[in-house]
Amino acid sequence: MTSPTSTQAQTCAIRLGLSHSFAEQLPNSYQTCQPRSIAQPELLYFNHALAQQLGMDLSDLDQALLAGLMSGSVLSADARPLAQAYSGHQFGHLSPQLGDGRAHLLGELQTPTGERVDLALKGSGRTPYSRNGDGLAALGPMLREVIISEAMAALGVPSTRSLAVVGTGETLYRQQVEPGAVLARAAASHLRVGSLQFLALRQQSQELSKMVDYCLARHYPDQPCPQGTSPALHLLKLVMHRQIALIAQWYKYGFIHGVMNTDNMTLSGETIDYGPCAFLEAYNPEQVFSSIDQDGRYAYGNQAAIGQWNLARMAEALLALIAPEQDQAIALATELLQQYWPQWQQAWRQAMGDKLGLSQALPEDEQLIQDWLTLLEQQQIDFHLAFRALSSHLRGQEQELNKLFRQPEHLNAWLARWHERLQAEQLPDAQLAARLDQHNPYLIARNHQVERALSAARQGDLSPFERLLQALQLPFADQPEYEDLRQPADPRVTRQYQTFCGT
Ligand code: AMP
Ligand code: MG
């Protein structure tokens, strides 16, 4: 193993079909800089299905060149690497100067279905925004991002995607000694609330306005701005809708993002930044896994409130563009943000209603949903197993659900109410059960299984990582061959489980 070096990447003749609308249209929001060269990059993971979806035909390339391209050690002829600038409220406190400290945007791919997708690297070396950081990433956190982002995508949750992981052959010192790695990531874009904040704080209102227009054109092309509404207010509204829909999906699948700073909230509505994230086991709305989230700011059940808080910061950044008079701008933004809670309530109700087989969850169903969750919380029952067992119950295999409950009498009282409500769906139990299975995964990425896969990978054995990733590709199908990956950890293990920002 060698220690990290900082020689710059070499360019080759290959073209990936990259274009550069962000670099061309928003020149005040980045600095160009080169990824570093790596002596012996080794391709550890390549997502062929995603490459195909992105329209990248790399099948003829040899592995060494692919490893070079996927780590930034070799640049395609059409790459134009840069580091994006952004600000961000981190745990409630404003950091005016953040930016990609260890990431490079290479450019944008045009997919066969006409979407524009960022191709970026993480762990690819220092940039003008690195501050005291080394610009590098460790293997464990990069493989973790692969597992969780790909699991989220398979669940149907909007997410940045993982294209490749390249080992650098170097050693890093983090929570533990770790091999170094670079992740190649695809995203609808890397624009975040913090990107707007960066320009607003510097009072670059023209550039800010251009970013608003850029964002609307790129992420919301089918949603024209109504007459008489400012583009900035329109964007705020659209981002609010997407974030509500996104966070409701997180609740649906028991996902805890862990670091919902404004620089980690996208304007596209994709989940980004898989650092200290983790899935719930026993249902507990106060669940936190991140080692640095001492006060539970980003606890499972607090994510909706943080979503609104972040949108309020976005509104502040856009205020000057929302209306010429500040009072009027504040009134318009406030009026919009007041719609957050009723819209959230509806999105959450339907997300949870789906899990109980309700085609249309009504306000009067909230009690049924809430009582079920309270039951899980009081008896400390695994969120995922409990929901999945509801379909077994409908199929007459009652044991699967009953065995999870220490006090089945409370369960039976709730089940009676649920059965009564299901009558309104007018479907036979077998069909209801099939519907439930589309919303309650058989498999999620269990924290202890993720850790197991990562420990093996650190020792050079990628097979548990590959098997887990494979299993998570079809999360809603019964896959008895992966039964061993389904079970939660011992509660004593989960109680002590901690996640870390991938720094
Ligand atoms: P995150 O918590 O991953 O969102 O990171 C917060 C900020 O720290 C971002 O601007 C990152 O680019 C930066 N950062 C994280 N790790 C490193 C590192 N090892 N070197 C330089 N910058 C980093
Ligand atoms: Mg981040």
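Just so you know, ligand 1 is whichever comes first in the structure, and atom 1 is the first atom listed for that ligand.
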A.B. asks: Do Glu145 and Thr160 have side chains that approach each other closer than 4.5 Å (heavy atoms only, starting at C-beta)?
C.D. replies: yes
A.B. asks: Which atoms of ligand 1 sit under 4.0 Å from any heavy atom of Tyr86?
C.D. replies: 9 (C), 10 (O), 12 (O)
A.B. asks: Check whether any side-chain heavy atom of Glu281 lies under 4.5 Å from a side-chain heavy atom of His384, and answer yes or no.
C.D. replies: no
A.B. asks: For the pair Gln34 and His104, evaluate side chain to side chain donor-acceptor pair (under 3.5 Å) and give the outcome as yes or no after the intermediate values.
C.D. replies: CA-CA 8 Å; Gln34 301 280 308; His104 292 82; over 6 Å; no
A.B. asks: Under 3.5 Å between some N or O of ligand 1 and some N or O of Leu98?
C.D. replies: no
A.B. asks: Which bit of Val259 is near ligand 1, meaning a heavy atom under 4.0 Å away: side chain, backbone, both or neither?
C.D. replies: neither
A.B. asks: Looking only at heavy atoms of Ser130, does any of them come nearer than 4.0 Å to an atom of ligand 1?
C.D. replies: yes
A.B. asks: With heavy atoms of Arg174 as the reference, note each atom of ligand 1 found under 4.0 Å away.
C.D. replies: 19 (N)
A.B. asks: Between Arg102 and ligand 1, is there a nitrogen or oxygen pair with a distance under 3.5 Å?
C.D. replies: yes
A.B. asks: Determine the interplanar angle of the Tyr251 and Tyr300 rings, folded into 0 to 90°, and report it as parallel if under 30°, tilted if 30 to 60°, perpendicular if over 60°.
C.D. replies: tilted
A.B. asks: Measure Arg131 to ligand 1 on non-hydrogen atoms and call it side chain, backbone, both or neither using the 4.0 Å cut-off.
C.D. replies: side chain
A.B. asks: Taking only heavy atoms of Leu136 into account, list the atoms of ligand 1 that are under 4.0 Å away from them.
C.D. replies: 19 (N)
A.B. asks: Atoms of ligand 1 less than 4.0 Å from Asp100 heavy atoms?
C.D. replies: 12 (O)
A.B. asks: Within the 4.5 Å heavy-atom criterion, are Ser87 and Arg202 side-chain neighbours or not?
C.D. replies: yes
A.B. asks: Among Cys501, Ala137, Gly194, Gly99, which residue places a heavy atom closest to atom 11 (C) of ligand 1?
C.D. replies: Gly99
A.B. asks: Please confirm whether Gly275 comes under 4.0 Å of ligand 1, counting heavy atoms of the residue only.
C.D. replies: no
A.B. asks: Does the gap between the ring centers of Phe46 and His48 come in under 6.0 Å?
C.D. replies: yes
A.B. asks: Is there a side-chain contact between Ser189 and Asp118 in this structure, where contact means two heavy atoms from C-beta onward sitting under 4.5 Å apart?
C.D. replies: yes
A.B. asks: With heavy atoms of Gly133 as the reference, note each atom of ligand 1 found under 4.0 Å away.
C.D. replies: 20 (N), 21 (C)
A.B. asks: Please work out whether the ring planes of Tyr298 and Phe91 are parallel, tilted or perpendicular, with thresholds of 30° and 60°.
C.D. replies: tilted
A.B. asks: Pairing donors with acceptors under 3.5 angstrom, does anything connect the side chains of Trp309 and Thr262?
C.D. replies: no
A.B. asks: Does Asn264 bring an N, O or S atom to within less than 2.8 Å of the Mg ion (ligand 2)?
C.D. replies: yes
A.B. asks: With respect to the Mg ion (ligand 2), what is the nearest N, O or S atom of Asp273?
C.D. replies: OD2
A.B. asks: Test of understanding: given a 4.0 Å heavy-atom threshold, classify the contact between Asn264 and ligand 1 as side chain, backbone, both, or neither.
C.D. replies: side chain
A.B. asks: Establish, yes or no, whether a centroid distance under 6.0 Å links the rings of Tyr129 and Tyr86.
C.D. replies: no
A.B. asks: Is the shortest N/O to N/O distance between Asp273 and ligand 1 below 3.5 Å?
C.D. replies: yes
